[in-house]
Amino acid sequence: MHWSKQMIPTLRDVPQEAEIPSHQLMLRAGLIRKLSAGLYTFLPLGLKALKNVEQIVREEMDRAGALEVLMPALQTQDLWERSGRFGVMEEVMFKMNDRQNRLMVLGPTHEEVITELVAREISSYRQLPKNFYQIQNKFRDEIRPRFGLMRVKEFIMKDAYSFDVDTKAAEVSYQAMYAAYEHIFKRCGLRTTAVEADTGAMGGKASHEFMVVADAGEDGLVQCNQCTYAANVEQAESKGSPEPLSENDNRPLEEVATVNLRTIEEVAQFLKVPESRLIKTLIYSVDDKPVAVLVPGNRDVNEVKLARVLQAENLQLANDETVKKVTGASVGFAGGVGLSIPVYADLNLEGYKGAVIGGNKRDTHLLHVDIARDIQVTVYTDISFSKDKDSCPRCEGVLHEKRGIEVGHVFKLGTAYSKKLGAMYLDTHGKQQPTVMGCYGIGISRTLQAVIEQRHDKDGIQWPISLAPYPIQVLVLNPQHAESVEVAERLISDLTGIGVEVLYDDRDERPGVKFKDADLIGIPIRVSVGKRSCGKGVLEIKCREEKDVHEIKTANALDYLKTMIEKLNQALKPI
RNA sequence: CGGGGCGUAGCUCAGCCUGGUAGAGCGCUACGUUCGGGACGUAGAAGCCGUGGGUUCAAAUCCCGCCGCCCCGACCA
């Protein structure tokens with residue numbers, strides 16, 4: 001492909017709209033252009049790379065025995081009513097009416113559609129297991145699209161759904177997908193970390209997210225420095241901090257005036273104690289009943305964990321009025337002592353002594369709190385967020401907090417959808433059973449951007465050869481120099497002959513411009529031809545990821561390049 | 001949706017405070033000189049100053065509304 005015939009609108013300046021490196025580079029390298037917030041056009045180079053991701057995903061899904069289908073993006077609302085998810089998902093769905101005034105939605109995901117299909121088509125254990133996948137556009141009315149392709153309103157996703165006869169068989173399907181995901185991301189040149197995750201609005205029993213560790217990530221995760229434990233912070237078990245939080249203090253409770261000091265920070269500063277010495281008391285409304293929640297002053301309540309512990313449908317911080325009624329004081333002075341509502345205390349607080357807590361009285365806190373002595377705790381349980389440097393819940397190691405981009409997610413769904421939508425089969429005894437489901441997503445477009453986020457330098461993208469729009473780029477430094485052109489075109493024709501697609505920078509530009517653009521768009525192998533190299537009878541070959549330029553005799557160049565491509569491919573082979 | 005910022009040429013931005021001829025660099029077109037890491041000269045094209053209203057003799061500039069975009073938060077497979 002001649003550069004002059006391609007459409008590669010590289011930019012010298014960073015567009016104002018882009019903040020993170022991968023987003024900036026996608027725009028500058030001419031991969032994408034924005035139509036509107038959260039909506040992007042893929043330009044030719046971006047589309048080629050995207051299709052390469054798709055192809056890898058397709059190959060690995062096929063290899064894992066999944067069957068490709070394509071479901072409609074446009075769906076009827078009643079399907080969502082039947083699964084009972086219309087309520088939870090309504091906010092993110094684009095909705096419209098057809099000409100018969102039926103309410104339609106653009107699919108944010110496809111559990112409903114596939115389960116409906118399976119309900120109709122599968123009726124016997126003999127037809128199971130099955131795993132269906134598709135690569136298709138999903139639509140979500142995101143509250144805040146951001147970071148280029150990271151979070152958008154329309155994006156490309158691979159979603160797969162497995163159906164099994166029982167939990168044990170479903171586990172096999174789950175593991176097969178987990179393994180396929182490891183292969184996929186490895187082939188994409190990504191380093192990912194699989195973390196235990198919350199299942200959120202998907203429902204279901206267990207899940208893992210595949211994270212690309214990056215500062216620009218939207219999710220927090222913790223990872224053990226010794227064992228393999230890693231989890232989303234939403235989910236991570238908290239074994240607490242290794243540092244001792246309390247001191248041996250057997251003095252009786254004592255009131256202290258804390259006039260207008262409401263926040264943990266203010267009180268800690270005033271009393272000159274570390275924030276961890278305070279006990280944070282929060283009043284929650286749980287399905288309209290108040291409960292008190294106690295966590296160390298330096299930790300935050302994890303509402304996901306809390307909701308799980310309380311088996312709550314609806315959980316929110318209580319309003320000021322309730323707080324006053326329950327504690328007798330306004331927000332800021334609530335404390336766990338002497339409350340007549342259930343008190344849930346974080347595990348980290350067990351055995352706390354010498355603590356400080358709100359006095360349930362305006363402008364008052366209590367000193368020398370001994371939680372066992374002074375507070376009627378209903379139960380100690382894990383309800384706070386894990387923090388950097390917490391002890392690992394699995395071993396003696398220490399957890400480290402990182403940011404991650406979620407590129408894939410695998411869920412064990414159980415039978416919730418199959419029961420609601422009637423995806424039943426007859427077992428060997430002729431009994432009706434619900435299929436046991438799993439679902440597995442990969443953000444294709446997001447993965448593409450995550451690769452750039454992880455593989456770039458100050459000059460531009462560093463594509464893995466598996467995703468690169470072209471594996472090789474040939475620069476003719478001076479198109480006026482007939483011999484250069486001749487040498488270049490002969491090489492290109494040789495490469496094309498063995499099935500290697502080449503980007504040929506034939507533009508009448510100064511060499512510097514071509515070098516800069518080559519680095520920016522990140523083609524893995526660069527071959528330059530100029531007067532100098534022609535004089536020596538060599539070609540200059542450089543790997544985008546390496547510094548050194550290799551001078552290779554023109555006659556040997558083809559073999560050299562073949563080996564180089566092979567080597568680059570080899571490095572991306574899954575184990 | 002709450003908080004913050006920004007909308008002026010294709011891109012990056014100045015001009016706005018203190019109202020009076022719409023600017024720079026890059027990019028683009030033509031010609032010439034150049035030609036191994038984003039060249040130089042000359043001549044050009046290109047802007048409803050986001051949008052609607054108001055104030056004023058006069059608005060890119062001051063005031064009000066709206067729209068769009070970006071960031072933080074809340075929210076979210």
Side-chain angles (χ1 to χ4, degrees), chain A residues 9-20 23-24 27-28 30 33-40 85 88-93 107-112 138-148 150-153 155 157-161 197-204 207-210 216 218-219 232 234 303-304 316-317 406-411 413 417 438-443 446 458-460 475-481 484 505 507-521 526-536 538-540 542 547 549 551:
Chain A
T10 57
L11 301 174
R12 207 184 279 225
D13 296 316
V14 178
Q16 194 195 17
E17 70 190 69
E19 192 92 344
I20 66 172
H23 185 194
Q24 295 176 346
L27 292 166
R28 287 192 54 214
R33 285 294 183 264
K34 185 174 70 179
L35 172 65
S36 156
L39 297 173
Y40 287 86
R85 275 214 297 182
V88 263
M89 299 296 277
E90 187 183 359
E91 286 218 334
V92 300
M93 289 198 281
T109 175
H110 281 76
E111 280 76 22
E112 279 73 4
K138 298 280 189 272
F139 299 84
R140 295 186 191 174
D141 193 359
E142 291 287 347
I143 300 173
R144 175 146 93 91
R146 58 177 136 184
F147 300 147
M150 280 309 179
R151 183 163 293 272
V152 284
K153 296 192 181 204
F155 60 101
M157 179 173 178
K158 185 284 303 178
D159 47 327
Y161 307 90
D198 183 60
T199 54
M202 293 300 298
S207 78
H208 287 89
E209 289 167 341
F210 286 78
E218 291 191 278
D219 295 282
N232 191 305
E234 301 282 334
E303 296 188 356
V304 174
Q316 55 193 9
L317 273 173
E406 180 191 348
V407 287
H409 204 158
V410 293
F411 296 85
L413 287 180
Y417 291 92
C439 78
Y440 318 94
I442 290 180
R446 181 186 282 184
K458 65 170 175 40
D459 295 314
L475 313 187
V476 175
L477 299 180
N478 183 352
Q480 260 64 264
H481 183 237
S484 292
D505 194 343
R507 292 176 299 170
D508 188 13
E509 285 286 355
R510 297 171 65 82
V513 173
K514 297 189 179 193
F515 287 131
K516 286 287 181 193
D517 271 345
D519 287 343
L520 179 59
I521 68 169
R526 187 189 82 192
V527 181
S528 16
V529 192
K531 274 186 193 162
R532 202 165 75 194
S533 54
C534 281
K536 288 201 235 173
V538 300
L539 289 167
E540 292 167 21
K542 180 180 174 298
K547 266 187 103 160
V549 176
E551 295 193 341

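Below, read A as the first sequence line, B as the second, and so on, with proteins coming before strands; counting in each chain starts at 1.
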Value in whole Å for how far the C1' atom of B/G68 lies from NZ of A/Lys153: 12 Å
Check: A/Glu19 main-chain N/O paired with A/Gln24 side-chain donor or acceptor under 3.5 Å: yes
Sugar-phosphate, base or nothing in reach of A/Glu218, heavy atoms under 4.0 Å: nothing
Donor-acceptor contact present, side-chain A/Ser528 to main-chain A/Leu475, <3.5 Å: no
Rounded C1' spacing from B/A9 to B/G50 in Å: 15 Å
First encountered from the 5' end of RNA chain B, between A/Gly443 and A/Asn478: A/Asn478
Touch class at under 4.0 angstrom, heavy-atom based, for A/Asp517 against every strand present: base
Options B/G25, B/C69, B/A39, nucleotide nearest the side-chain atoms of A/Val513: B/A39
Nearest-neighbour nucleotide for the A/Ala37 side chain, B/G38, B/C69, B/U12 considered: B/C69
For B/C40, the Watson-Crick or wobble partner whose two distances fall under 3.5 Å: B/G32
Pairwise P distance, B/A59 and B/C17 [rounded to whole Å]: 14 Å
Minimum-distance nucleotide to A/Arg146 side chain [options: B/G38, B/C72, B/U12]: B/C72
Check: A/Glu406 main-chain N/O paired with A/Arg446 side-chain donor or acceptor under 3.5 Å: yes
Atom pair CD (A/Glu142) and CE (A/Met150), whose distance is rounded to the nearest 0.5 Å: 13.5 Å
Torsion-based syn/anti label for B/U8, 90° from 0 as limit: anti
Distance (rounded to the nearest 0.5 Å) between A/Glu509 CD and A/Asn478 CG: 12.5 Å
G-U wobble or Watson-Crick pairing nucleotide for B/G73 (cut-off 3.5 Å, both distances): B/C1
Sugar-phosphate only, base, or nothing, as touched by A/Phe147 at under 4.0 Å among non-hydrogen atoms: sugar-phosphate
Pairwise C1' distance for B/U61 and B/A14, with rounding to whole Å: 14 Å
Sugar-phosphate, base or nothing in reach of A/Pro9, heavy atoms under 4.0 Å: nothing
Sugar-phosphate only, base, or nothing, as touched by A/Arg33 at under 4.0 Å among non-hydrogen atoms: nothing
Side chain A/Lys514, main chain A/Val476, donor-acceptor under 3.5 Å: yes
Of the listed nucleotides B/G37, B/C72, B/G38, the one nearest the side chain of A/Asp519: B/G37
A/Arg12 vs A/Arg446, nearer the 5' end of RNA chain B by closest nucleotide: A/Arg12
A/Arg510 side chain near B/G37 phosphate (N/O to OP1/OP2, under 4.0 Å): no
Between B/A39 (C1') and A/Lys514 (NZ): distance, integer Å: 15 Å
Distance in angstrom units between A/Leu477 CG and B/C35 P, rounded: 14 Å
Phosphate OP1/OP2 of B/C69 contacted by A/Ser36 side-chain N/O (<4.0 Å): yes
Selected nucleotide, minimal atom distance to A/Gln480 side chain, candidates B/C75, B/C70, B/C35: B/C35
P-based separation of B/G19 from B/A60 [nearest Å]: 13 Å
Distance test, side-chain N/O of A/Arg144 to OP1/OP2 of B/C71, below 4.0 Å: yes
Nearest-nucleotide pick for A/Glu142, side chain only, options being B/U12, B/C76, B/C69: B/C76
Value in whole Å for how far the C1' atom of B/U12 lies from CG of A/Asp13: 4 Å
Distance between P atoms of B/C6 and B/U42 (Å, rounded): 36 Å
Nearest-Å distance once atom P is located in both B/G5 and B/C57: 33 Å
Side-chain-base donor-acceptor pair under 3.5 Å for A/Arg526 and B/G37: yes
Sugar-phosphate only, base, or nothing, as touched by A/Gly530 at under 4.0 Å among non-hydrogen atoms: base
Short side-chain N/O contact from A/Lys34 to OP1 or OP2 of B/C70, under 4.0 Å: yes
Assigned partner base of B/C66, Watson-Crick or wobble definition, under 3.5 Å: B/G50
Whole-Å distance separating the CG atom of A/Asp219 from the P atom of B/C75: 13 Å
C1' spacing across the pair B/A43 / B/C62, given as an integer number of angstrom: 40 Å
Sugar-phosphate only, base, or nothing, as touched by A/Arg28 at under 4.0 Å among non-hydrogen atoms: base
A/Lys158 (side chain) donor-acceptor with A/Tyr440 (main chain) under 3.5 angstrom: yes
Under 3.5 Å on both distances, the Watson-Crick or G-U partner of B/A58: none
Separation of B/C70 P from A/His23 NE2 (nearest whole Å): 8 Å
Exceeds 12 heavy-atom contacts within 6.0 angstrom, atom CD of A/Glu91: no
Whole-angstrom distance between B/C26 and B/C64, as gauged at atom P: 38 Å
Paired nucleotide for B/C26 [Watson-Crick or G-U wobble; both distances under 3.5 Å]: B/G10
Whole-Å gap separating P (B/C76) and CZ (A/Arg85): 14 Å
Main-chain N/O of A/Leu27 paired to A/Arg33 side chain as donor or acceptor, under 3.5 Å: yes
Whole angstrom value for the distance that separates C1' of B/C76 from NE2 of A/His409: 13 Å
